[in-house]
Amino acid sequence: MAGNRTQIKIVGEILDTTMQEIDEHEGATVTHIIKNANISHGRLSRILSNLVSQGLLEQVNSKRSCRYKISQSGREFLSAYKTFREFSDDFGLNI
Amino acid sequence: MEFFLEISLNSVGFLVGIIIGAISYIGFKNTGSPTLFRLSIAFFAIGIGFGILAGGFILDDVIFETGDINTGISMLGIASQVVGYWFIAFSHTIKSFFPKSRYFRSIAVLPLFLVSFGYVETILRAVSFILLVYGAIETMIAYAQGRKKTTLFVAIGLGLLGFGEFIGWYSFVFPETILYVASIVMKIGGLISVGIPVSKIPLRKVTFDENL
């Protein structure tokens, strides 16, 4: 039975989504992040502003919509997150 | 011979515990994950516990020469290990282990005190055994869900540590038998098995926290 996702797991999924989109577009839209990370708009807004203030995400304002792209420190965080998620999985624990 | 085996076991335990603890702490500093924080406390406590025991045996071998480790040092080391095993079990949410009924909960703890005859060290070892078995079962369940080989190694490692503890009790009843050596070998094998996930950490690729 899958339990509730932790905050860090949600952040990991958000960063992963913005990473996936980077090749095709200049950042991911809020709608796309909501769909991929399976999170409500209200909660996502709080997390996004937090991630932007911490420098993990960069806000890109285009003509049509507001997009978010992952920063260099965001990439480093995501890399560390994935490494240590594997590590805690090895102990049968969720990060 | 006994001292050599004990010092070897406890030195391996100290090294494995501190290395896993340090990597978990680095993980906590990089990600802020509470799970990794609990894991770091667990393995630091286990490593320090083994270190205290190794120190106790070395001290007696070199200085006191009584032929046995000081009881206080021994209890301190075992108590530190129990704290570590408790944190591993706690991370798996220990609530699910015990039956929900208050009556069953109370009698589940009873055998622990019946077999221990009140000796604190024996109680601590019994608690260690229970926590190790619990940790091994929970990790085995996680393996059944995720099918990750390294999770299986951790489950086997915790199981070997618990089984080694169990065999160790029998060596008190049947001294001068192979049981004692078997217990030590099992525990060393368990520690190495628990340490296998460390080999998968790509240390060069991970950006460590600058303040660490």
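Below, read A as the first sequence line, B as the second, and so on, with proteins coming before strands; counting in each chain starts at 1.
Although no hydrogens or angles enter the test, the distance criterion places no donor-acceptor pair under 3.5 Å between the side chain of B:Thr31 and the main chain of A:Ala80.
For B:Phe3, the CZ atom sits in a packed shell: over 12 heavy atoms of surrounding residues, nucleotides or ligands are nearer than 6.0 Å. Counted within 6.0 Å of CZ on B:Phe153, heavy atoms from surrounding residues, nucleotides or ligands total 12 or fewer; the atom is thus considered open. Within a 6.0 Å sphere centred on CD1 of B:Ile178, heavy atoms belonging to other residues, nucleotides or ligands number 12 at most. Counting non-hydrogen atoms of neighbouring residues, nucleotides and ligands closer than 6.0 angstrom, the CZ atom of B:Phe28 exceeds 12 such neighbours. For B:Phe14, the CZ atom counts as loosely surrounded, since its 6.0 Å shell holds 12 or fewer non-hydrogen atoms of other residues, nucleotides or ligands.
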Which is it for B:Ser24 and A:Phe87 under the side-chain contact (heavy atoms from CB on, under 4.5 Å) test, yes or no, and what are the steps along the way? CA-CA 8 Å; B:Ser24 304; A:Phe87 182 70; 3.3 Å; yes
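In this structure, no portion of A:Gln7 lies under 4.5 Å from any heavy atom of chain B. Contact of B:Phe43 with chain A is made through the side chain alone, with heavy-atom distances under 4.5 Å.
The two atoms that bring A:Gly92 and B:Ala142 nearest to each other are CA-CB, 3.4 Å, heavy atoms only. In plain terms, the two heavy atoms of B:Leu36 and A:Ile95 that are nearest each other are CD1-CD1, 3.9 Å. Minimum heavy-atom separation, B:Thr35 to A:Asn94: OG1-O, 2.7 Å. What you find for A:Asp90 and B:Pro197 is that their closest heavy atoms are OD2-CB, 3.4 Å.
Applying side-chain contact (heavy atoms from CB on, under 4.5 Å) to A:Phe91 and the options B:Val194, B:Ile88, B:Thr151 leaves one that passes, B:Val194.
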